[in-house]
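Written below as structure tokens is the structure these notes are about.
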Amino acid sequence: MIATRRGDTSIATQLLGVTGVLGGLGLLAAFVIDIPSTWNTARLVLFCAGAIAIAVATYGRHAAVSKPLALAATIPLVVANGAWIAWILLALGRERPFAGDFGLVGFWVALAAWLADAWFGFIALRLGVLWRWAAVALVAGSLLAILGMDRLGLTSGSDTTAFGTVALAGIALNEIAWVLLGLELTVPRLRGR
């Protein structure tokens, strides 16, 4: 059973919280240490799975305040991040996964995931049952991360721009938010704040 109140957290909720922490840390690690590119797929899948885990784990808390808003936050996040995982796995073995129609689908799926993360953070902020600062970081980070999407043409690997730096800061904020939300679900001292 997923917890519906602060301080009333089941083992399943804690495990989902740990998944969220690991997903956020998996991408944050690349900001600190050199990680082989062969790990990128696993890190991205874990990141999306962590977001889904946090959304599922916090659904009960959100639904206790407003079931319609809880559904409006959870369903888009689960669908968009699940679609991103599917695209990432389908991209394995493709020579140029970001090119052509397949790459365009990847762009829209990733865009949907970033927007769903921001929407989840906005609703979490509105409902007030999760850490306010984590929700703010999730909204801001997710929206800023969009600026780095290659098909928007605001930045590229060969020509760094301010948009690239801002997008990286957004990605870091998004990841920090998932880690904080995961910690809120898993660390007993933090749950009752």
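Worth knowing before you read on, the calculation uses all heavy atoms, side chains too, and leaves out hydrogens, waters and symmetry mates.
The ring of Trp114 has its center no closer than 6.0 angstrom to the ring center of Trp119.
Taken from OG1 in Thr41 to CD1 in Ile88, the straight-line distance is 7.0 Å, to the nearest 0.5 Å. Between the CG atom in Leu173 and the CG atom in Leu168 there is a gap of 11.5 Å [rounded to 0.5 Å].
Residues Ala49 and Ile85 share a closest heavy-atom pair of N-CD1, 3.8 Å. Shown here for Ala145 and Ile171, the closest heavy-atom pair between the two residues is CB-CG1, 3.6 Å. Between Leu147 and Ala167, the shortest heavy-atom distance links the atoms C-CB, 4.0 Å.
Considering only heavy atoms from C-beta on, Leu152 comes within 4.5 Å of Met149 through its side chain. Side-chain contact check for Leu125 versus Val136: some heavy-atom pair is nearer than 4.5 Å. For the pair His62 and Arg126, the minimum side-chain heavy-atom distance is 4.5 Å or more. For the pair Leu138/Phe120, a side-chain contact is recorded, criterion being any heavy-atom separation below 4.5 Å from C-beta on. Side-chain contact between Thr58 and Val129: absent, with no pair of heavy atoms (C-beta onward) separated by less than 4.5 Å.
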Show me the donor-acceptor pairs within less than 3.5 Å that the side chains of residues 66-83 make with the rest of the protein, sequence neighbours left out.
{"from": "Ser66", "atom 1": "OG", "to": "Leu69", "atom 2": "N", "distance (Å)": "3.3"}
{"from": "Thr74", "atom 1": "OG1", "to": "Ala70", "atom 2": "O", "distance (Å)": "2.8"}
{"from": "Asn81", "atom 1": "ND2", "to": "Leu77", "atom 2": "O", "distance (Å)": "3.1"}
{"from": "Asn81", "atom 1": "ND2", "to": "Asp117", "atom 2": "OD1", "distance (Å)": "3.1"}

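Leu90 and Ile52 fall within a single hydrophobic cluster, where Ile, Leu, Val, Met, Phe, Trp and Tyr side chains are chained together by heavy-atom contacts under 4.5 Å. Transitive grouping of hydrophobic side chains (ILVMFWY, heavy atoms separated by less than 4.5 Å) keeps Trp133 and Leu144 in distinct clusters.
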Steps toward salt bridge (Lys or Arg N to Asp or Glu O under 4.0 Å) verdict (Arg61, Glu184): CA-CA 12 Å; Arg61 291 183 187 188; Glu184 181 179 0; 3.2 Å; yes
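With sequence neighbours left out, the ring-ring contact (aromatic ring centres under 6.0 Å, His included) criterion links Trp87 to Phe98, Phe102.
For CZ of Phe163, the number of neighbouring non-hydrogen atoms (other residues, nucleotides, ligands) closer than 6.0 Å is 12 at most.
Judged as a side-chain hydrogen bond (donor to acceptor under 3.5 Å, both in side chains), not a single pair has a partner in residues 96-108 (not counting sequence neighbours).
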